[in-house]
Every structure is written in C-alpha cells, then in structure tokens.
Number of protein chains: 2
Amino acid sequence: MRGKDRTQGSGQGSGQGSGQGSGQGLGKSGHLDFPRPLTTVDVVIFAILDDRLQVLLVQRPAGEDEPFPLSLALPGGFVDVAKDRDLAACAARKLKEKSGVSSPYLEQLGSWGSATRDPRGWSATHAYFALIPPDASVLTSDARWCPIGAGFKEKLAFDHGEILASAIQRLRNKVEYTSLPAYLMPAEFTLPDLQRVYEIVLDRPLEKSAFRTRILSADMIEPVANMRRGPNRPAQLYRLRKGRDPVYFVRTFNPPE
Amino acid sequence: MRGKDRTQGSGQGSGQGSGQGSGQGLGKSGHLDFPRPLTTVDVVIFAILDDRLQVLLVQRPAGEDEPFPLSLALPGGFVDVAKDRDLAACAARKLKEKSGVSSPYLEQLGSWGSATRDPRGWSATHAYFALIPPDASVLTSDARWCPIGAGFKEKLAFDHGEILASAIQRLRNKVEYTSLPAYLMPAEFTLPDLQRVYEIVLDRPLEKSAFRTRILSADMIEPVANMRRGPNRPAQLYRLRKGRDPVYFVRTFNPPE
DNA sequence: ATACTTAGTTGTACAGTCCAACTTATTTAG
DNA sequence: CTAAATAAGTTGGACTGTACAACTAAGTAT
C-alpha cells in the first residue's frame, strides 16, 4: 500500500481533506498515487413479463480467481475510463449490451461502496435502474429474466441482493405516486392493461374509477385511433405522450390498510 | 495507460463485462491493473441560519497543481480505503470534520462521474446531503455558511454547482411532502417556528391551519412541558420524537399556482 | 335472444386542504 | 386598569379528489 502520508490529510488542517484536491498522499508533484477503490456500474433492469415483475440477471463467469463464480448478479462491470464519457453513458452501454434496449427509462439508484463488498478490495458501484417494455428485450446468452419475490437478497453475488431490494423498494414507492409504470408498457396499451401493471408492481388491487381519473387527468397518455378488440367490450388504446417526464401524483391510491 | 486488452472485455462474449469480475484487463493472475477513476465523497450540508437556507462551503487550497485553487467547493475529499469502512462512514466523517455535527440527517444524494469533471482525470464523487440544526454548527477555519440563491452553479469548483443545485431541488421536493425540515430545527421549537422553516425552504407562504393538522397528525413531534413566552400569546414547544424516520405526506400544501 | 365478461361511468360518502374569520393569551401603551 | 396590538391557535364552509358500489355499454359465445 503506497501513500503512507495519506492519513495525515484526513485531519482538519486548513485546506486538507476538502474537495478533490488535497489531503491524500498528494506529494509536491500532485501524483495522486494512493490506492483507489474499484469503480463499477450496475444496472437493475425491470420488465413485466408473464404478468410478473422480472429483473434481468446474468451469471458470473467460472474461474478460480473470480469472485462469486457462477452466481447470479446484476448486469454491470467496471467503468472504462477510455470508453465511458460519464456514469450515465456507462450505464446506458451496459443496458444496451445486455438487453438490446437503448432509450428506456434510466434513473440513478444510488451507490454502494465499502471495503468488504468485493473480495478483491475496496470497491464502489454506481447503481442505476431501468424500466423497459416487454416487447423490447433481446437478450444475450448469459442474461436471463428472473421473477422477483424469491429470496434474492441472499443468493446474488456481492451486495447485489441489497441493491436489488433497494431498487424494488424505489420502484414500488414511485409507482404509488408517479406515472413510472408507463415505461413498462408496450407501444400501445389500454387503461386496464396499465392498471394491471400498477397492480402487479404494487401487489394489491386498485380502484378502477379513481385510477382512471388520475391517469387521464395526468395527461401523460393519449388515445390512438384503434380499439383493442377481444371476447368482450373493446377497450380504447393509448400511447405514451412523447417527451413526457414522469408525472407525480399527490395522493396514493387506496392505501394498504 | 495499461491494460490494453481491456477493450476486449466490453463486448458481449459470454461472461465478459458482467459483474465486477471480468471484462477489464484482468490477466491470468487477476491483477485488475487497469486505470481506476478517482473516488471522492462530497457532502452538501444545509442549515437554517438568519432565517435563510444556507450551505456549508469550504475554500479550496491554493497551489499550482491544485484544481480550482481558492474556489469555493463542497466539503469532501478522497475516499480513504484504509480508514473508511464504507461510503456512508466516509460521508459522516467529512460531515463531522467540517461541521462538528455527528448524528444529523444524512442521505445519499447521488453520484457524479465523468472524464472531465476533474482536470486530473476520470473521477466519480458520491454526494450526500445533510441537514443540521442551527445550534450545532462548530466550524473549522476554512468552512463557511453561504446563503443559497446566489448563482452558485457557475462559481463552485468542479461540478459542485450542479451537485448543489440537485441537492436544493431534492430538499425542496421532499419538504413538499415529508417531515424533513424537522431535522433543521433546534432541540425545542414551536409549530410556527417549524412552519417558518418550511416556508423558508419552499420560498412561499403556507396555510396555518392545514399545516398544523398535517404536522400534528403525522405524529412526528411531541409537546414538551414548557411554552415559549414572548411579547404575545405563548406558543407550545415541541421536540422531535426520538428514532422517528421522516414522515411522508400524501398531498402537497397549497401548491404553487 | 340470452348469458357472460370486461370496459367504462355515475353517484354518494368521506377525508383533507384552502380560505377567511374567529377566539385566546400575552405584552405594551396610555 | 383598561385598551390596543400581536401572534397562537381554532372553527366552519367551499372545494377537490379518492373509496366504494352500483350501474350502463359493447362486444363474444351459445
């Protein structure tokens, strides 16, 4: 471990430990030659498939020197300082590589960093979460969709179980009061379809009429010419309004309890 | 730049580019000897002082090889892989060093990483934001409180203007529908005090009666024995209920417009 | 034609905010 | 000692949006 003078910088001397400049083994030449954490980006990719909320997971490679060989993990990997302009670009790249999708909903989830999460040393990951429509997924061979619900927290590599749990929680939270599920829908869908997706994610039934007024008054979807025909009354088809950011509602649907 | 075989790992070959294990210049021995981004943690520390929302900023050190010498910046610095157990601990340490406060509200804000944000190379910062009460601040010499509002976005070092803007937005958002401002209050305070703080952060007046019912029904504060006396009718003093997480309200106060 | 099923609407009850006016408790001025 | 001033706190009606349940509408299956 280099940079023994590093510790000196963490006190409260003037100018030290502040900003990205000082306080860490930065000699007279500014070499910044102290150990740096490993830096990765992971993406939690959600889709509704088979009427279930599913996550895209990949299997870790086999090998003696691989951490968590053959375990399931979130798609992700090291930031490539030569290729990735920024973190979002890195996340978008990994999303594209694994799911084939390029412009869905992609939001930063948070970061996890510690000395112990990766056996190879201090590491930090920047986690993103993505919502993609069910028709868009073109998978690579090592990736597969896994329905959530099973006890992932224990089984996934690294702390990915924790990250996934956090993503699910964030998704559920936002579904309570935003239009996020719209990004999980195919190009055209009906209002009952959309309500179904809300119910799948929230895992509880919602009121039909309140749901309809909320969604329609949010002005986030617009009707198309066609109707969906079936064995009963046809339903109006809608599509997402273009360039629309997620809408925040101010009240929850009929709340649990 | 080492690790020329690095690019080979970013394709979609089986097992490559997935997880923190493979895909990057990892030779037969697993050395992980490719360039890593600089890793820092920055903290946006808010307090209400002089009836204004203020942020704690530090001045960057002078010096030829320092980026943004003498500019104002968020308190923060490199992750110390020897000292910091995890990111939150690192943030708490930096908060303590600069403000003297140890257990306020500390929440992860997000991360910013790119090739260009630091002139010394690819860097990523993990940003936190903290709320501290007005009576708790014991500053170090290089730190000072700055009222928000002035065009920080341009003047701060690195992309700290952007991070600060994001923190302010998050704070305002959350104040609309949570009890977060409670963490900005001194140990004992009155309901009108609390309402004042909400109004300062949101920069608009709120309805007294709706405010009171909301706050009181949220069950996050409890009355103490005393009253605050003054030149007019005394007001009931309250304190934060212990171990209470922020409460989420489901409706905004009288919304702007 | 009739039953069945799902789409979509309507109406009443209720909860919480908005707004404005009101009451209450104290200090200060005369 | 009373009256004015001021801020704390309460009350009630208008309004908005949800919860719930019953209803109508439009198609298929028999």
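Order of the sequence lines fixes the chain letters, A, B, ..., with proteins taken first and strands second; residue numbering starts at 1 for each chain.
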*Asks:* Give me the distances for all protein-to-nucleotides 28-30 of chain D N/O pairs that come in under 3.5 Å?
*Replies:*
residue, atom, partner, partner atom, Å
D/dT28, O4', A/Pro231, O, 2.8

*Asks:* CZ of B/Arg228 versus P of D/dG9: gap in Å, rounded?
*Replies:* 10 Å

*Asks:* Using the side chain to side chain contact (heavy atoms under 4.5 Å, CB included) criterion, which residues pair with B/Ala218? Sequence neighbours excluded.
*Replies:* B/Met220, B/Val247, B/Phe249

*Asks:* Would you please name every residue forming a side chain to side chain contact (heavy atoms under 4.5 Å, CB included) with B/Arg228, sequence neighbours left out?
*Replies:* B/Thr190, B/Asp193, B/Leu237

*Asks:* With sequence neighbours left out, what residues match A/Asp219 under side-chain hydrogen bond (donor to acceptor under 3.5 Å, both in side chains)?
*Replies:* A/Arg241, A/Arg244

*Asks:* Which residue pairs satisfy the side-chain hydrogen bond (donor to acceptor under 3.5 Å, both in side chains) criterion with at least one member in residues 49-58 of chain B, sequence neighbours excluded?
*Replies:* none

*Asks:* My understanding is that only residues two or more places apart in sequence, or in another chain, count here; which of them pass side chain to side chain contact (heavy atoms under 4.5 Å, CB included) with A/Ala91?
*Replies:* A/Val41, A/Val43, A/Leu106, A/Tyr128

*Asks:* Do any of residues 216-227 of chain B sit with a heavy atom less than 4.0 Å from DNA chain D, and if so which?
*Replies:* none

*Asks:* For B/Thr190, answer base if it contacts any base atom (sugar-phosphate contacts may also be present), sugar-phosphate if it contacts only those atoms, and nothing otherwise; contact means non-hydrogen atoms under 4.0 Å.
*Replies:* nothing

*Asks:* Looking only at the side chain of A/Glu207 (C-beta and beyond, no hydrogens), which of the listed nucleotides D/dC20, D/dA26, D/dT10 gets closest?
*Replies:* D/dC20

*Asks:* Ignoring backbone atoms, establish whether B/Arg214 has a side-chain N or O less than 4.0 Å from OP1 or OP2 of C/dT17.
*Replies:* yes

*Asks:* B/Tyr183: which residues meet the ring-ring contact (aromatic ring centres under 6.0 Å, His included) condition with it, sequence neighbours left out?
*Replies:* B/Tyr105

*Asks:* Could you check which of D/dT18, D/dC20, D/dA26 has an atom nearest any side-chain atom of A/Ser209?
*Replies:* D/dC20

*Asks:* Sub-3.5 Å donor-acceptor pair from the side chain of A/Gln108 to the main-chain atoms of B/Ser111, do we have one?
*Replies:* yes

*Asks:* Do other residues, nucleotides or ligands put more than 12 heavy atoms under 6.0 Å from B/Arg172 CZ?
*Replies:* yes

*Asks:* Could you state the atom-to-atom distance from CZ of A/Arg204 to P of D/dT18 in whole Å?
*Replies:* 13 Å

*Asks:* Who passes side-chain hydrogen bond (donor to acceptor under 3.5 Å, both in side chains) against A/Gln195, sequence neighbours left out?
*Replies:* A/Glu199

*Asks:* Taking the side chain from A/Thr125 and the backbone from A/Ala127, do they hold a donor-acceptor pair closer than 3.5 Å?
*Replies:* no

*Asks:* Could you state the atom-to-atom distance from CG of A/Leu191 to P of D/dA25 in whole Å?
*Replies:* 20 Å

*Asks:* Return the value, rounded to whole Å, for the distance between atom CG of B/Leu237 and atom P of C/dT26.
*Replies:* 14 Å

*Asks:* Could you list the protein-to-nucleotides 21-24 of chain C atom pairs, N/O on both sides, closer than 3.5 Å?
*Replies:*
residue, atom, partner, partner atom, Å
C/dT24, O2, B/Arg233, NH1, 2.8

*Asks:* Is the ring centre of A/Tyr198 less than 6.0 Å from the ring centre of A/Phe211?
*Replies:* yes

*Asks:* Provide, to the nearest angstrom, the distance between the CD atom belonging to B/Gln236 and the P atom belonging to D/dT10.
*Replies:* 10 Å

*Asks:* Tabulate protein N/O versus nucleotide N/O from nucleotides 2-4 of chain D, keeping only pairs under 3.5 Å, one per line.
*Replies:*
none

*Asks:* Please state how far atom CZ in A/Arg212 lies from atom P in D/dC23, giving the value in whole angstrom units.
*Replies:* 19 Å

*Asks:* Any salt bridge linking A/Glu107 with A/Arg170? Criterion: basic side-chain nitrogen under 4.0 Å from a carboxylate oxygen.
*Replies:* yes

*Asks:* Name all residues meeting the side chain to side chain contact (heavy atoms under 4.5 Å, CB included) criterion together with A/Asp86; count only those two or more places apart in sequence or in a different chain, and write none if there are none.
*Replies:* A/Ala88, A/Ala89, B/Ser114

*Asks:* Whole Å only: how far is the CD atom of A/Gln195 from the P atom of C/dA7?
*Replies:* 9 Å

*Asks:* Would you say the side-chain atoms of B/Ser99 pair up with the backbone N or O of B/Leu95, donor to acceptor, closer than 3.5 Å?
*Replies:* yes

*Asks:* Rounded to the nearest angstrom, tell me the gap between atom CD1 in B/Ile215 and atom C1' in D/dG9.
*Replies:* 15 Å

